[in-house]
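This report refers to the structure that appears directly beneath it.
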Amino acid sequence: MWGELIPVGGGDTIPLLEKKILIGRRSSCEIVLSFPNVSSQHCELNLIDGYWEIRDLGSSNGIKVNGERYDQKWLHPGDEISIAKNHFEIMYEPTGDAPPEEDDPFELGLLEKAGLQKQAQQRRRAGPPPAAKKPDKKQSFGAEEDAAMDWLMGDD
């Protein structure tokens, strides 16, 4: 046994017997939670280098660790996991080195995370885009269109 999930508020403990555990509503999951707010394949627990990691599998109601929503999170003994509205405390003995430090979610701005900040900075360094060129007078559309073009281009 690699640890256990203890239901908060009481209930039978769930032993963690495998190093990779699928949790969801489907009967094919290693841990079945038969509740309508639990997705068919809700999340996954993985034992990596002696520490458990939880990963959301695109569920509708998500996962939380100690009240904070995550897509993926390293778990420490005593952490509270919320799977939809079902709460568990994970208990285990870590057997490896501490998991890698997690990124600070506020370290980078949203534009940087999306890769847009660097692009905007590169555009600014390149200078302003070339000015629009006035179309050749050879092409004529009609008196009204020519007057509108002159007005738009600042030629009075």
Single-linkage hydrophobic cluster, 4.5 Å side-chain cutoff, Leu5 and Phe35 together: yes
For Ile63 against Arg55, the heavy-atom pair lying closest together: CD1-C, 4.1 Å
Any donor-acceptor N/O pair, Ser40 side chain to Arg26 backbone, under 3.5 Å: no
Non-hydrogen atoms of Glu18 and Ile21 that approach each other most closely: O-CD1, 3.6 Å
Ile6 side, atom CD1; Asp12 side, atom CG - distance, nearest 0.5 Å: 12.0 Å
Rounded distance [0.5 Å steps], CH2 in Trp52 versus CG in Leu16: 5.0 Å
In one Ile/Leu/Val/Met/Phe/Trp/Tyr side-chain cluster, 4.5 Å: Leu75, Leu17: no
Which atom of Thr13 lies closest to which atom of Glu4, heavy atoms considered: OG1-OE1, 3.7 Å
Donor-acceptor contact below 3.5 Å, side chain Tyr70 vs main chain Ile54: no
Rounded distance (nearest 0.5 Å) linking atom CD of Glu44 with atom CG of Asp56: 11.0 Å
Under 3.5 Å: donor-acceptor pair, side chain of His87, backbone of Pro7: no
Atom of Gln41, atom of Cys29 and distance for their closest heavy-atom approach: CG-SG, 4.4 Å
Heavy-atom side-chain proximity of Phe88 to Ile23 below 4.5 angstrom: no
CG/Asp49: more than 12 non-hydrogen atoms of other groups inside 6.0 Å: no
Spacing of Arg25 atom CZ and Ser34 atom OG [to the nearest 0.5 Å]: 8.5 Å
Spacing of Glu89 atom CD and Ile81 atom CD1 [to the nearest 0.5 Å]: 9.5 Å
Asn66 (side chain) donor-acceptor with Glu80 (main chain) under 3.5 angstrom: yes
N/O donor-acceptor pair under 3.5 Å between Glu30 side chain and Leu22 backbone: yes
Which atom of Ser60 lies closest to which atom of Arg69, heavy atoms considered: O-NH2, 4.1 Å
Point-to-point distance, once rounded to the nearest 0.5 Å, from NZ of Lys64 to CD1 of Ile83: 13.0 Å
Identified side-chain contact (heavy atoms from CB on, under 4.5 Å) counterpart of Trp74 within the set Val65, Ile48, Asp79: Ile48
For Gly96 against Tyr51, the heavy-atom pair lying closest together: O-CE1, 3.5 Å
Residue Asn37 excluded, over 12 heavy atoms near CG under 6.0 Å: yes
Trp2 side chain near Thr95 side chain, heavy-atom distance below 4.5 Å: no
Test log, rule side chain to side chain contact (heavy atoms under 4.5 Å, CB included), inputs Lys85 and Asn61: CA-CA 8 Å; Lys85 300 278 184 194; Asn61 293 308; over 6 Å; no
